[in-house]
Number of protein chains: 2
Amino acid sequence: MRKGELTHQAILERAIQLASRVGLQGLSIGGLAEELQLSKSGLFAHFRSKTSLQVEILEAATALFTERVIRPALTQPRGEPRVRALFENWLTWERELVPEGGCIFVAAATELDDAPGPARDRLVQTQRDWLDCLAQAARIAVAEGHFHKDVDVEQFAHDENALLLGFHHSARLLKEPRAETWARRAFDALLRAARPQGS
Amino acid sequence: MRKGELTHQAILERAIQLASRVGLQGLSIGGLAEELQLSKSGLFAHFRSKTSLQVEILEAATALFTERVIRPALTQPRGEPRVRALFENWLTWERELVPEGGCIFVAAATELDDAPGPARDRLVQTQRDWLDCLAQAARIAVAEGHFHKDVDVEQFAHDENALLLGFHHSARLLKEPRAETWARRAFDALLRAARPQGS
DNA sequence: CGGAAAAAAGCACGAGCGTTTAGAAAGAGC
DNA sequence: GCTCTTTCTAAACGCTCGTGCTTTTTTCCG
């Protein structure tokens, strides 16, 4: 019972790293088992199918993301500082993972967007939660008077997310060194436009 | 000689549609052959390997993209109208292809970002050309006085591209109906910020 | 220590993959 | 109509994949 849960967690940990590089579909049971010095059937003692493994990967990654990106931001003061913290924490999350394959959610988004099933459903939920989180932070910023009254918080969340996607894309595909600078500058412009006086 | 080139082109056409949905790696020779009512070995008479097929797919898709998105924009007046046309044409391109799998370049970006080889090189080139095209259009807008003198045209191109990626993501993964509205509004804000007077 | 329970290994399966080879069908030029 | 070239097929290859079944090893508890 003890040992089992330990390896279960070890499998998920390694699987997240691997899937970030090769994708959830590209992830092979055999390859994963080999990296863990385990047999393929040893894996199937912990996950009844590849699909259920994919769902568990997304769940574990979501928990990690919440802990590393969202929770630290909640310690920041309500309003604009928290909005900014969410953005910065995401950048850090991605930057630290870039050599490993970058944000697993972005990596999974493309390959799952046309593959209905439990894995896709789980990913959509995580993405929706993230956008809601961004929108809620912006909503608070409006309430606190940091943002102008008629800022569309959902639009703001969408824009912010688009910048993060753009960063991921430029950093990973084009290996563009200015990607982070560009993303941060664009976000500053977004904040500036949202503030009451306009600068 | 005649018949050969015809099927060659038919293969590429169908392959682009298919790869937009399942990706360049996910594209299977057998499946593609079946859809074309051709044998697998019939395909290999036209492409010596899957990799070279992928490269040809990207080249054909790039040509199509140039014709549908870039060339029509060049008929627009220099400056801001042309910048706007590039954005709108891309939206149209994506919108028309969404049921088929959306923009193939976005679909391919994630799966190739960690897979060195000719296919990746080709994709990077197309992406760089596109960003250069956006930047050049912005540069002209600056020269024409439509944009403020010290607008960073590369930053502008990066921001514009991020918005398009965000649209693709929202439309395909989340099936968000407001995605297009959001993308257009965000782009309007981008233009507004770039203009001399500031509004 | 010993026995029950859990964890992992070994092995085999059917299917699909990209690819090769040899040969049949189709088309063009004389 | 015959021939030569182009275009396509049929069959098989070696490989990897996800998965199931049986057996062995390890772990845990009294």
Side-chain angles (χ1 to χ4, degrees), chain A residues 1-58 60 107-108 111-112 114-120 122, chain B residues 1-16 18-58 107-108 111-112 114-120 122:
Chain A
M1 194 95 81
R2 192 119 199 90
K3 175 88 181 305
E5 291 191 12
L6 214 73
T7 53
H8 190 100
Q9 200 174 344
I11 293 171
L12 282 178
E13 198 174 316
R14 194 85 196 87
I16 290 178
Q17 299 175 351
L18 228 58
S20 300
R21 263 197 276 133
V22 298
L24 282 175
Q25 323 250 45
L27 179 69
S28 90
I29 303 290
L32 177 58
E34 198 174 355
E35 291 233 17
L36 291 157
Q37 286 167 278
L38 218 72
S39 66
K40 285 197 291 178
S41 27
L43 273 184
F44 273 87
H46 295 274
F47 307 91
R48 58 190 98 114
S49 71
K50 189 182 181 183
T51 302
S52 78
L53 170 62
Q54 291 173 334
V55 173
E56 282 208 47
I57 288 175
L58 285 173
E111 60 179 345
L112 290 183
D114 229 328
R120 196 202 118 99
R122 193 59 187 80
Chain B
M1 194 92 84
R2 191 120 202 91
K3 178 88 181 305
E5 292 191 11
L6 214 72
T7 52
H8 189 99
Q9 198 174 344
I11 293 171
L12 281 179
E13 198 173 317
R14 193 84 195 90
I16 289 177
L18 229 58
S20 300
R21 263 197 276 134
V22 299
L24 283 174
Q25 323 251 45
L27 180 69
S28 91
I29 302 289
L32 177 59
E34 199 174 354
E35 292 232 17
L36 290 159
Q37 286 167 276
L38 216 74
S39 65
K40 284 197 291 179
S41 31
L43 274 183
F44 275 86
H46 295 274
F47 308 92
R48 60 191 93 125
S49 70
K50 188 182 181 182
T51 301
S52 78
L53 170 61
Q54 292 173 333
V55 172
E56 282 208 47
I57 288 175
L58 286 173
E111 60 179 347
L112 289 183
D114 229 329
R120 195 201 119 98
R122 193 59 188 79

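This is a predicted model, so every value here is computed, not measured. Letters go in sequence order (proteins before strands), and every chain restarts at 1.
What separates CD1 of B/Ile11 from C1' of D/dT7 is a distance of 11 Å, to the nearest Å. Going from atom CD of B/Gln25 over to atom P of C/dC17 covers 14 Å, rounded to whole Å. For the pair B/Leu43 CG and C/dT20 P, the interatomic distance rounds to 14 Å; values are reported in whole Å. In this structure, A/Leu6 places its CG atom 10 Å from P of C/dA8, rounding to the nearest Å.
The shortest distance between side-chain heavy atoms of B/Glu5 and B/Gln9 does not fall below 4.5 Å. The closest side-chain heavy-atom distance from A/Ile57 to A/Leu27 is below 4.5 Å. The shortest distance between side-chain heavy atoms of A/Leu53 and A/Ile29 falls below 4.5 Å. Looking only at side-chain heavy atoms (C-beta outward), A/Ile11 and A/Leu32 come within less than 4.5 Å of each other.
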If you restrict it to nitrogen or oxygen atoms, what contacts under 3.5 Å exist between nucleotides 22-28 of chain C and the protein, and what is each distance?
none

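Surrounding CD of B/Glu34 are at most 12 heavy atoms belonging to other residues, nucleotides or ligands under 6.0 Å away.
A/Glu111 contributes a side-chain N or O that, together with a main-chain N or O of A/Leu24, makes up a donor-acceptor pair within less than 3.5 Å.
Under 4.0 angstrom from either OP1 or OP2 of C/dA8 there lies at least one side-chain N or O belonging to A/His46. Here A/Thr7 does not reach the OP1 or OP2 of C/dA7: none of its side-chain N or O atoms lies under 4.0 Å away.
Of the candidates D/dC8, D/dG18, C/dT19, C/dT19 carries the atom nearest the B/Phe44 side chain, counting heavy atoms from C-beta on.
Against DNA chain D, the stretch residues 27-40 of chain B makes heavy-atom approaches under 4.0 Å through B/Gln37, B/Leu38, B/Ser39.
Here B/Glu35 pairs with B/Arg14 under the salt bridge (charged side-chain N to carboxylate O under 4.0 Å, His left out) rule; sequence neighbours left out.
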Item to check | side-chain hydrogen bond (donor to acceptor under 3.5 Å, both in side chains) between B/Glu56 and B/His46, intermediate numbers included | outcome: CA-CA 11 Å; B/Glu56 282 208 47; B/His46 295 274; over 6 Å; no
